[in-house]
Amino acid sequence: MGDKSFKVISDEKSRVREIIKELEAEFQVNSPPRDHPFLTLVRTVLSQNTNSRNTERAYDNLTSEYTSPKDFAEADIEELENLIRPAGLYRSKARTLRKLGRIIIDEHEGYLKEVLKKSQNKARKELLEMPGVGPKSADCVLLFACGRDVLPVDTHISRTTKRLGFADLDDDPEEVKEKLEPLVPKGERGKIHLLLIELGREYCKALAPVCGECPINNLCPQKGKRY
DNA sequence: CTCCGGCGAG
DNA sequence: CTCGCTGGAG
């Protein structure tokens, strides 16, 4: 007896493929190749636990005056704080950004690119050793600054993945990643990352999900359980 | 585990 | 008013 409230696809890999296909028809998520690795890292730090609008404001303020690792390494903390305030968590982020600038200058010849040239595992390990850089941020840099096939797991990814039934409610981001990644075709991890974020922002929202309008509600076990 | 935090939606 | 936002550190 299958659950007729949603399209039953026994193979979860097939269901993921269907979901990607439907979401691609709904959203265009051509991620612009970000050529500047250090600014990619800066943007990622600003985005931590911060919505995209506020991230964008802070990033625009900041990059009108600071662009190179040297700029950040020599920055006045209070000035950094003022520029990035819209992002929230601005005191810790300002200190993180200055430390990151100094690390790039002192330990990597002034270029984050020197770290990213290494093998993916090595690069990830070194990113994780940097202040203010955890799993999600490290993966974002690997994805957006050097096009690696990785799947950064943020709150949107966690929430949508759990609601879609690919992970359990109490799974932490690492567990979500371990369960979702094997279901995603090679080379499509960055794509599904962006697609699930859009899904989370537009439909599968934390507070008031709009399942009735969701483009993949026929592929979701929550169909009929939420309004 | 708690803390950091401006900001907008509901 | 509360909640959550492309989290990470102590």
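By convention in this document, chain letters (A, B, ...) are assigned in the order of the sequence lines, proteins followed by strands, and residues within each chain are numbered from 1. Because only heavy atoms are used, hydrogens play no part in the values below, and waters and symmetry mates are left out as well, while side chains stay in.
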Trainee: Please determine whether a side-chain nitrogen or oxygen atom of A:Arg159 lies at a distance below 4.0 Å from atom OP1 or OP2 of C:dC5.
Mentor: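 Yes, such a contact exists.
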Trainee: On DNA chain C, compare the nucleotides closest to A:Leu128 and A:Ser52; which residue's is nearer the 5' end?
Mentor: A:Ser52
Trainee: Measure CG/A:Asp172 against C1'/C:dG8 and give the value in whole Å, please.
Mentor: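 Interatomic distance, CG of A:Asp172 to C1' of C:dG8: 14 Å.
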Trainee: Determine the interatomic distance between C1' on B:dC4 and the same-named atom on C:dC5; round to the nearest Å.
Mentor: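 The same atom, C1', in both gives a distance of 14 Å.
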Trainee: If you pin A:Thr55 and A:Gly132 to their nearest nucleotides in DNA chain C, which one's is more 5'?
Mentor: A:Thr55
Trainee: Indicate yes or no: at least one non-hydrogen side-chain atom of A:Ser137 is less than 4.5 angstrom from one of A:Val133.
Mentor: yes
Trainee: Taking the basic N atoms (NZ, or NE/NH1/NH2) and the acidic carboxylate oxygens, is any pair closer than 4.0 Å for A:Glu175 and A:Lys179?
Mentor: no
Trainee: How close do A:Val153 and A:Pro173 get, counting heavy atoms only, and between which atoms?
Mentor: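 Scanning both residues completely, I find the closest heavy atoms to be CG1-O, 3.7 Å.
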Trainee: Under 4.0 Å, counting only non-hydrogen atoms across every strand here, what does A:Ser137 touch: a base, just sugar-phosphate, or nothing?
Mentor: sugar-phosphate
Trainee: Using the P atom as the reference point in each nucleotide, state the distance between C:dG8 and B:dG8 in Å, no decimals.
Mentor: 24 Å
Trainee: When you check every protein heavy atom under 4.0 Å of nucleotides 1-10 of chain B, what one-letter string (B, S, -) results, 5' to 3'?
Mentor: ---BBBSS--
Trainee: Which atoms form the tightest heavy-atom contact between A:Leu196 and A:His156, and what is the distance?
Mentor: O-CB, 4.4 Å
Trainee: Taking CD from A:Glu198 and C1' from C:dC5, how many angstroms apart are they, rounded to a whole number?
Mentor: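 Distance check: A:Glu198 CD to C:dC5 C1' gives 14 Å.
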Trainee: Grab the CZ-C1' distance between A:Arg43 and C:dT6 for me, whole Å please.
Mentor: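 A:Arg43 atom CZ is separated from C:dT6 atom C1' by 9 Å.
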Trainee: Specify whether A:Tyr66 and A:Phe72 have parallel, tilted or perpendicular ring planes, treating 30° as the upper limit for parallel and 60° as the lower limit for perpendicular.
Mentor: tilted
Trainee: Could you give the side-chain donor-acceptor pairs of residues 98-108 of chain A under 3.5 Å, partners two or more places apart or in another chain?
Mentor:
from, atom 1, to, atom 2, distance (Å)
A:Arg98, NH1, A:Ala75, O, 3.2
A:Arg102, NE, A:Ala73, O, 3.0
A:Arg102, NH2, A:Ala73, O, 3.3

Trainee: Within this structure, what is the CD-to-P distance between A:Glu202 and C:dG4, rounded to whole angstrom?
Mentor: 19 Å
Trainee: Rounded off to whole Å, could you give me the CZ-to-P distance for the A:Arg189 and C:dT6 pair?
Mentor: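 After rounding, the reported distance stands at 23 Å.
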Trainee: Give a yes or no on whether A:Tyr111 atom OH has more than 12 heavy-atom contacts from other residues, nucleotides or ligands under 6.0 Å away.
Mentor: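 Atom OH in A:Tyr111 is not packed in, count stays at 12 or less.
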Trainee: Using a cut-off of 4.0 Å on non-hydrogen atoms, how would the nucleic acid contact of A:Val133 be classed: base, sugar-phosphate, or nothing?
Mentor: sugar-phosphate
Trainee: With rounding to the closest Å, how many angstrom separate the C1' atoms on B:dG5 and C:dC3?
Mentor: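 Per the computed distance, 14 Å lies between those C1' atoms.
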Trainee: Between C:dG7 and A:Ser47, is there an OP1 or OP2 to side-chain N/O distance shorter than 4.0 Å?
Mentor: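 No, no such contact exists.
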Trainee: Rounding to a whole Å, what distance do you find between A:Glu174:CD and C:dG8:P?
Mentor: 12 Å
Trainee: Looking at A:Thr155, I'd like to know whether one of its side-chain N or O atoms comes within less than 4.0 Å of OP1 or OP2 on C:dT6.
Mentor: no
Trainee: Classify A:Pro135 by what it touches in the nucleic acid, base, sugar-phosphate, or nothing, heavy-atom distance under 4.0 Å.
Mentor: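 A:Pro135: backbone/sugar contact only, no base atoms under 4.0 Å.
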Trainee: To the nearest Å, how far apart are A:Leu194 CG and C:dT6 C1'?
Mentor: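 Distance, rounded to whole Å: 10 Å.
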Trainee: Under 4.5 Å between any side-chain heavy atoms of A:Val184 and A:Glu181, yes or no?
Mentor: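 SC-SC contact between A:Val184 and A:Glu181 ruled out.
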